[in-house]
Structure formats: structure tokens, C-alpha cells
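A short write-up of the structure that comes next.
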Amino acid sequence: MSARDFKATLRLPEGAFSMKADLAKREPQWLDRWNKAGLYRAMLERPSEKTFVFHDGPPYANGNLHYGHVLNNTLKDFVTRCRTILGERVKFIPGWDCHGLPIEQNVERALGPKMRELTPMQRRAKCRDEAQKWVDAQSAQRQRLGMLGTWDAPYLTMQPAFEARVLEALAAFVDRGLVYRGLKPVWWSSAERTALAESELEYEDDHKSPSVYVRFRGDHAVSDKLRERFPTLREGGPVSAVIWTTTPWTLPANRALAVHPELEYVLLERSKRDGSVEYLLVAEPLAKSVIAACGWNTPELLPRTMHGAGSAFVGKELEGLVFSHPFEERRSPIVFADYVESTAGTGIVHTAPGHGREDYNTGVKYGLEVYSPVDDAGEFTEELGPVAKSWGIVGKHVFAANPVISAKLEELGVLCNADGAFIVHRYPISWRSKKPLLTRATVQWFIAMDEPMKGGVNPGKTLREVSLEEIDRLAKDGALAQEQGAEARGWVPAWGRERIHGMMFARPDWCISRQRAWGVPIPALHCEHCGHPNLSSALVRHVAKLFASQGADAWYDENAPVVPEGFCCEKCGATHGFTRDASILDVWFESGSSFYAVCASDPDLGFPCDLYLEGSDQHRGWFHSSLLVGVATHGQAPYKTVATAGFVGEKVQVAQPDGKMKTVLKAMSKSDIEKKRQGGEDVSVYDPQKVIAADGAEILRLWVASNDYTDDIGLSKAAFDQVKESYRSIRNVLRFLLQVVRGEVVETVAEVGAALQPIDRWQQQKLVALVARCESAYRHFDFRAVVAAVSEFLSDASGFYLDVSKDWLYNDYKSDRVRSTLAVCDAMVRSIAVILAPILPFTTEDVWDHLPRRKDDPTSVHLCMWPKLSCEHDSTLDDAVRVVRELRDRANLAIEPVVSAWGAEKKAAQQEKRVAGEDEVRWPESARIDHPRDADVELDVSEGDASILRPLTGVLAECLLLGALTVNVRDGVPRTRAVRGAKSACVRCRRRIRDVDSASGLCVRCSTAVARWDAEHPAPSAG
RNA sequence: GGGCCCAUAGCUCAACGGGUUAGAGCGCCUGGCUUAUAACCGGGAGGUUCCGGGUUCGGGUCCCGGUGGGCCUACCA
């Protein structure tokens, strides 16, 4: 008669939750299901305590999603989901930035020369299609990440309602007296005849530019002034200020010479071969290099430093001096500028306000003329001075004119160095034509940073002042929140304040106009009679109304009523004859107005927003422009909290100066990836779409959640492999919990009530702590702390609590301790599903699907509320478990050498077997311990510890996973002894325990369980 | 060139206002189980906290200076 197989009487883990996630295949199915069920709407319609206004910064509708988007969008979705699950209402309206030059150029590239034949309206229609194409593509890609949002009703900056609100925001600036028209240098591509934005610049590393040192002669007044200081200055020895430039073509536009007020300057006395002398003014630290560059260091020409009362003097002392332009009949005064450096050039900077931003700023400060005699094609115009004109360079491209100008400088004897000298440096080129750019002053619309504001909130203060105050108000609020331990507010992380403050402090006036077609027009009307550009707020609001119904295309529609009835020129009163302004608004103005267009007017949202979350580059971009618009329209920042993410880089090994290798983050470059691809490397990890297709969006989400997103994040195959590993480990413990619960509706912890066993109560306490920890982490946007806390919790549960409870979960039959443990396991799996739902929406839904529904259970984990577990914390249980685990470690240490010696013996025997054919293992049977449950351990426990572990005394052997355990309560050096347990193990629970009945092979516990099982399961009549 | 930021185990991260022997998860090595099995359990190795100074009784933590890296910015005029 064969022994009875008791397997059927055990309560073994079972369930259909697969070990393999198969995410790539299954994620789309869940998405589909959620869509059909209207999950997000259901989430929004739940009763909630408060509304959390989370405003999407619009990505640019151009190209597929890259890792920056993945990082950013995933974080946004964590926020939407965790705030929702914490009981708030989060209506996330995804948006897109649809206007602007890159889209226009995509279209131009596709259409080629045909573009020119189209009317502005037709061109705009093409651009709209192009933008919409990318909106659709990105929308699908963002949704594939699992992102929640009102995808059927996004906001687009090209929607008429949005365009109208942008103009209303502009009207607010006009009302506050901040909008003006001015002349200002911009990056200009002569090849494309257009201004370029920062993002459209590329840099050529080895660009060759001419390098010229030029004399600016000083008159008698200069000589006289300097003689006060340097009495030996010879009468008739000309004095010149020496400048250096790489753009000789800007010399016709020279209007001043800039020196640093604190920099030291010297006069060089240079004796020429003919016996005459000249005096050259340069910065002291640069004198040597200027002498070298100009070839003055031959012995007979060696200049001497002029020594006066002091060896040198500071730039300040040059105040009021005026020098002569090298070829035109005009004067160049000395001005002061902080940007003048002592590391390159001569320390005296040729200043052409029409051809450089710094020069321009200096020009504004000193009231210099912004003069730029260059047209759209980059060619000199008739505005050139008479001398330059006489050189025949009118109509010549400025770069082509460079050699002519150098040659003339030499002819005139004002060139210090050799004609034809050049330098190699980094220089901006057009991203499209790759042609070098020039800076050129053009007439543009501006917003004044430093004009006192009229009306509204904070009248009399400037835009810059209020903006800086707002930046600090947020910072203070954030500090206060931190002090109070409240959820994170203000600048997150706090150093965001430094970044945006520095930028706001130093920024120039905001140039809001662009000479393009694809955007929101600046609705100015130019009077044909007097030339006045009319831009009143009434006019702007009139056009806004028109745009609201017809879209911004109306501006390009001859028949649209853009001129209000009864309109007359502000300046001359003319009632007809108006030309529409040809510029559009900077796209940053549009996106900066998004809170105004999307949130402020939506009853579900409001002003200010609770949160903006973008990459830290947006301190310059969206955070910045939104702040300015917020101050103009509402007198305050449009957000309460600004959270920032870093950048995604690539992990690479780099040799350090000391020869050691170090892993370092490098910015990802397309060309590097392309090189790898050509080198046969697998580059799919660099394409998020490919990662999603292979491993699922969940892996990307977990990757984001395990990193410190406030810093830059590294990308590598190894990084993803690790994420996949941690995913599996989380998934497997959840799987085991599900298998323990086995799809049965088990009692809740509350229902178990007083029958809750101490060990289960302890685990429940841990769970309560975990829930609290994760809530706090979510409120601080600290997602990685959630993942870390849950991982550690699950790993600990797997290694101790679950391992220990297996004994009774499998072997008891409907005992109180099974009820008790099942209740806690159920609570664990449910709580953790909810905790992780914001980060792993797919997996947690999978878990939820495998849990039986209780009454009131929602159909989706995403409709669950945050776990509300109550459990008074009993710290004596913590102490008891601590002692138990110490004993467990001691027992394990005692058993380990026996187990591993046995293992070594067995291995040796197996090898020997192959040689000698022996079957028997020689290790004495009495000493064999394969598994802790074979062991019989005797432990000394101090009286103190014995008392501490009293709550768990009843399950001590199980906690130590042992077959049998003898505890000797005695103080002194504790002894631990492990031997093999009883001769025969219980055939059912496999414990080598003393009370095994030799007939049945069952221990007492198991025979009771079997008897009860048999009673409830009448055997079938036969067999 | 300027502003802001980062650097702790192979990887991702901890270490409350300076205070025991710098921890965890994953990986790695190793042994076991075969009732979580492409799983699980035990044991173990692995750190000059980037470098150099300073303050301090005491520095991963604070200060200064480097090195490497990132973002933003800048017509090296």
C-alpha cells in the first residue's frame, strides 16, 4: 500500500497571475479597455475634496517623442494619478505648441519653391496640417505611455479660442504701458532672409574669421588729457585706442569704444623707424599679446610702457575721452561696459549697437544710435557713410566686403596687424543653410522690463521688480512648507529659485515680434499717412474677438473687419489707410499665456495653477514667460509650485585624469548614436518607441520612478536591464500574495478582529507605516522613495513574514492563524496595488483583475481611494520581531555550515559517482541538514530577550523555519547548537519533528488538519 | 567666459539641523530547496563617499580650491 498523497489537503498557492508580464503585448489591451470604459472621466467624476490644477506645458508639435518627453510626461502622469488616488480632482488637459518657425520650415522643405507661390493663408493652412500631424502622432505616443488626460479635448495654441486669449493677454501688457516698438539687433540669416530664434542656431567649431586690430585716433583733447597724467607724452605723437574685431564689416556701424571701468590700461610708446612716435592705448594685461599680434616686437620697434604717476590707470579715468572713427567723419566716445574682458582682444571694444546685443545694451545706456546699414540679404545699403560708400561696397554682402574693408584700413594706416590675419573659433550658422549668421538691428515690438506699470495690480512697479518678488514669494512659501513638513511647494527643488532669479534679473526687454507667417499676428495698424504704428488695447481686444470666431487667419483675409468701426490713428487722426503689421508674436508669448487661455477661464481649473512641471531648461522658457504674463494679467505668478526635471543623458565610461575609469553622463547626441548604429551596435535603447515595443511602457515608467529626476538621468542598456529585474522582483512578490489569497474573498483585518495574531499584527503595522510613508513621498513628488519603500517592504516580507507564514498557510486547515495571515496578505496586495497604481498603472490593474471583488470594490484599481488602514502601533511587537530575527540569524548561522558542508559533500559524491559509480553519500545521516526544517536547534536566550519575544513565543519555531526548537532561558554568552531533527519527517508538512506518528507519518498538527479536511470532503465511493 | 546644478558599492539610490562600524534594493559569488520553481530561501564579497586643502573634539554632510559632467547663457567683440 502506497502512502497517501496529502497534497490535496494542503492550501498551496495558486492563481493565474503570470510570472511573465508580457507588457508590450498587453498594455495596449488595457489602454483600449480603459478608453472604452471611460476610465478617466469616471476618475474625474468621483467626489473629491479639492481640485488640483495641474497645467501641461505644451510640447512643440514637431517630431516624435524623445526621452526628454518620456521623462517629463511620465512624471506628469505620476502626479495626475497620485493626486487623484489621494482624493483630489485632477483635470489634466494636454496641450501643444503649434506655431513657429520650425514647423514653417518643415513645410517649406516639403514644398520647396512652390511655397513662394502660396498666399499667406494657404501657407498657414499647410502649417496647420503639419502641426496637426505631429499633434496626432505625439498624442498617440503620450497616451501609449499610459498618460491620463482629456485626449479628446486638448488645447492647441492654434485654436481660435487660444489665439484670442493670447491677444487678450497682449492687451493686458498694452494696458499696463509695457509694449513699445524699437530697433534691436537679432540673429539674421542672410541666406534665408529671416531672423532666427535661439533654437535655430547651430555652431560651427572651426569657423574662420578675419582678425583685425584697428587704431582709433585721439585728437588734441585726448593728448592733452593724457598728458596731465603722462607729462612725457610728446607733442605731435598721435594717440590711438586699439580695438580688435573679427567682423570688420561692422566697423562702418561703430558708434563707441567700450572699456571696463576697473580694468587697468597702459599707453604704449612706439618708436617708428622714421624717428616719429605714436602712443597706443590698450589694456595692461593684454599689452603683450597685442604687441605680438601686431608684430611690434622686433627690437627697434619695441614699444615702451609709458610710466606716469602710476604705472597704469583704470578704465574709469578714460571717461569723457572721444576718439575718431578710423575712416568716417565721426566720433567714437569712450563708454563703460562690464563685459569687456582682459583675456582676449585689446580691452577696448569696438561697439556697434546695430550689430550686437551687448553693444546694443551699451548703446541704449549711452543713447547711441542703433545703426545697421545692412538689408535682408546681408548686403550693405545706401545708408553707409560716405567714405565706406566710396569703396563700392554698397550692394555687396557683408562677408564679401570684409577683405575690401581690411585692405582700405591698411591703406589708411589704421590697421595694426597684417592684412589677411584670421582666427578660428566657434561661430553660429543657420541650422538650415549652414551659412554663417550676422547680427542686424531691425525694428521689433518689445515688452519693457523696467517701465513702471500702469493700472492693475502693483501699479508703479516694473515688470522685473514684481517678477523677482514673485520668485521670492514662491521660494519663501517653499521654505515654509519644508519647515512645517507640509507637501512640497514653491520651487522644487529649491535651487530653481536661483536659476530663474538670475535669469529674470539679467534678462533684456522681451522682443515679442517675429517676421514670419505662422503664428498669432501682432494686431498693429500702421497709419499710411503718418506712419504711426497703432496698438491700443481696444484695438487688440477688437482683433481678439475677431480671432475667437475666425481664427488668426482673419488677419490675412483682406475682407476681414480688422479695423474697428470708427477707428482713427492715435497720432494724426486719420480714419482710413491702415496697413496691418506683418509680424507675429514670439511663440513663447503664446505658451506663456497658456494658463490664461486654458486654466484661468475654465471653471474646473482656475488661477493660479497648483503645479507646473517641466525640464529645468524651462526656467528660461515656459516658467519664465508664464511668470511675465501672470504678472501683467494678474499681478502674480500663475503657479504655486514649479517642479523641474533634469535631462536624459547617456552613461559612458570615461578615463579620469588619474587614469581611472569612471561612469559619467553625457548628453545624447544624434550623431553619436548614428555612429554606434553604423558600428553595428544595438541602438534600440535610444529610441523610447522601441523600448515600449519590446518591454512595455511600464519599464520606462519604472525607470523614471527609480531615478532622481531632479538631476540628470542616465540611459543605458544596463540601466534598463536593472529596471526589468526590479520589476520582476516586485511582480513576483505580488504574484505570491495573489496566489496565497487564491482569488478567495478572505476576511479583512477588521473582520478578523481579536483573532489577529501578533506576527500578523506586526506585518500590518509595517503596512500601515508603508502607506503613510508613500503618501508623504507622493506629496513631495518623491516617486523614487515610493518605489524604494515598496521594494524594500516586499523584499522584507518575502524574506521573513511570508517565508515564515508558509508553514501554517500551507499546512493548517482553516485555523485562526490562517484567517489572520490571509487578512494581512489581502491587505498587503490591495494596498500595494493602489500605492503603485500611479507608477505602474498596467501591472497594478493586472493585480486588481486577479483579486476577487468585495462589495463596493471598483472595477479598476485606478478608481480606488488611497488605503485607509487603521492599526494602533504596538512597539512591543517591533521589539519582539527584532529579537526573533536575531535568533533566526543565529540559528541560520549555526545551520549554514552544516548545510553547506553537506552540499559540498553531495557535490563531491556526485563527481565521484561518475568516476567510481558509487551511489552512496558518506556524510553521516545524523548530521545531515538539507533545509532548516530538518534541524533541531537549541538556543540560549537571555531573560530580557525571552521576555521581549513573549508575544511570538507560540510561533517561534515557525519564525525560525525550524523543525524543532529548544529555548534555554539563561543569561551569559548565548550558545546555539544545531543538529538533525527527529528520525522521520512529517510526510505532510515535512518538519522533522518529534511528534510524528509512525503509522500515518503525520505530525499532530497535520493529522488534525487532515481529519478536519476529510470531514469536510467526503471521499468518493471508490478509489 | 558667466549663472545654476550634480558626483556615496557594478547599477539605482539612503544616511533629519555635522555625531557609533556609511545602509537598502537590484546585480555578482556561493550553498540549499524542489509545497512561489525561468521562482524562492540561506551565506558571502564589494566603498580612499571624485581629488586637495580648511573649520571642528569629530566631515559623506559645512567652507575654499580643483577635476569630471549636465542645463542655461554669451557676436572670444
Side-chain angles (χ1 to χ4, degrees), chain A residues 7 10-14 19-20 185 187 198 209 243-247 250 258 339-341 343-346 348-352 355-359 423 425-428 437-439 493 495-496 498-503 505-506 615-617 619-621 646-647 649 651 654 656-658 660 662-667 703 706-708 710-714 716 718-719 721-723 725-726 728-729 732-733 735-737 739-740 784-785 787-788 791-792 794-796 798-799 802-803 806 810-811 892-893 895-897 899-904 906-907 929-933 961 988-990:
Chain A
K7 207 158 191 166
L10 298 170
R11 191 183 187 284
L12 293 180
E14 61 179 44
M19 189 139 41
K20 194 168 172 248
W187 277 118
E198 267 303 317
S209 295
I243 63 99
W244 174 58
T245 182
T246 57
T247 52
T250 61
Y339 56 81
V340 176
E341 287 173 356
T343 49
T346 66
I348 302 171
V349 174
H350 146 59
T351 297
H355 291 301
R357 197 170 110 191
E358 285 176 336
D359 294 15
I423 64 157
H425 62 159
R426 212 159 145 249
Y427 193 83
L437 303 179
L438 50 121
T439 349
W495 51 256
E498 311 307 323
R499 240 175 112 87
I500 195 166
H501 192 276
M503 291 168 177
F505 186 80
S616 60
D617 55 335
H619 284 117
R620 161 72 49 187
F647 281 73
K651 287 258 140 157
V654 173
Q656 296 295 99
D658 59 8
K660 282 189 201 158
K662 194 178 172 174
T663 310
V664 143
L665 209 62
K666 286 270 189 189
W703 168 68
S706 350
N707 277 272
D708 175 7
T710 63
D711 195 1
D712 296 336
I713 296 187
S716 68
D721 286 346
Q722 193 206 320
V723 171
E725 256 338 293
S726 32
R728 283 172 32 164
S729 110
N732 265 319
V733 183
R735 172 170 174 267
F736 184 57
L737 286 168
Q739 289 182 333
V740 164
R784 125 195 98 141
V787 173
S791 296
E792 204 175 329
L794 288 175
S795 167
D796 182 76
S798 175
L802 293 172
D803 204 27
K806 273 192 267 193
Y810 294 179
N811 299 304
N892 279 335
L893 278 170
I895 293 166
E896 209 279 328
V899 175
S900 71
W902 159 239
K906 196 163 74 172
K907 198 175 244 173
I929 302 177
D930 299 325
H931 188 279
R933 68 174 166 251
L961 299 174
R988 187 163 172 273
C989 72
R990 302 184 178 179

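Every chain is numbered from 1 and lettered A, B, ... according to where its sequence line falls, protein lines coming before strand lines.
Look at A:Arg990 and you'll find a side-chain N or O under 4.0 angstrom from OP1 or OP2 of B:U35. One finds no side-chain N or O of A:Thr710 lying less than 4.0 angstrom from the OP1 or OP2 phosphate oxygen of B:C5.
Under the salt bridge (Lys or Arg N to Asp or Glu O under 4.0 Å) criterion, A:Arg620 pairs with no residue, sequence neighbours left out.
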Between the protein and nucleotides 6-9 of chain B, which nitrogen or oxygen pairs come in under 3.5 angstrom?
unit_1: B:C6; atom_1: O2'; unit_2: A:Asp711; atom_2: OD2; d: 2.8

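Residue A:Asn707 is classed as a sugar-phosphate contact, given heavy-atom separations below 4.0 Å to backbone atoms only. As judged by a 4.0 angstrom heavy-atom cut-off over every strand, A:Arg499 is placed among the base-contacting residues. Residue contacts shown for A:Gly799 are limited to sugar-phosphate atoms, with no base heavy atom under 4.0 Å away. When heavy atoms are screened at a 4.0 angstrom cut-off, A:Glu896 is found touching base atoms of the nucleic acid. Contacts of A:Gln722 with the nucleic acid, taken as non-hydrogen atoms under 4.0 Å apart, include base atoms. Among the atoms of the strands shown, base atoms are found under 4.0 Å from some heavy atom of A:Arg988. Counting any heavy atom pair closer than 4.0 Å across all strands shown, A:Ser798 reaches a base atom.
Pairing for B:A22 is absent, judged as Watson-Crick or G-U wobble with the two contacts each under 3.5 Å. In this structure B:A7 sits in a base pair with B:U67, meeting the Watson-Crick or G-U test at under 3.5 Å.
Remark on RNA chain B: of its neighbouring residues A:Lys20 and A:Leu961, the 5'-side contact belongs to A:Lys20, judged by nearest-heavy-atom nucleotide.
Checked against B:G68, B:C41, B:C71, the side chain of A:Val664 finds its nearest nucleotide in B:G68.
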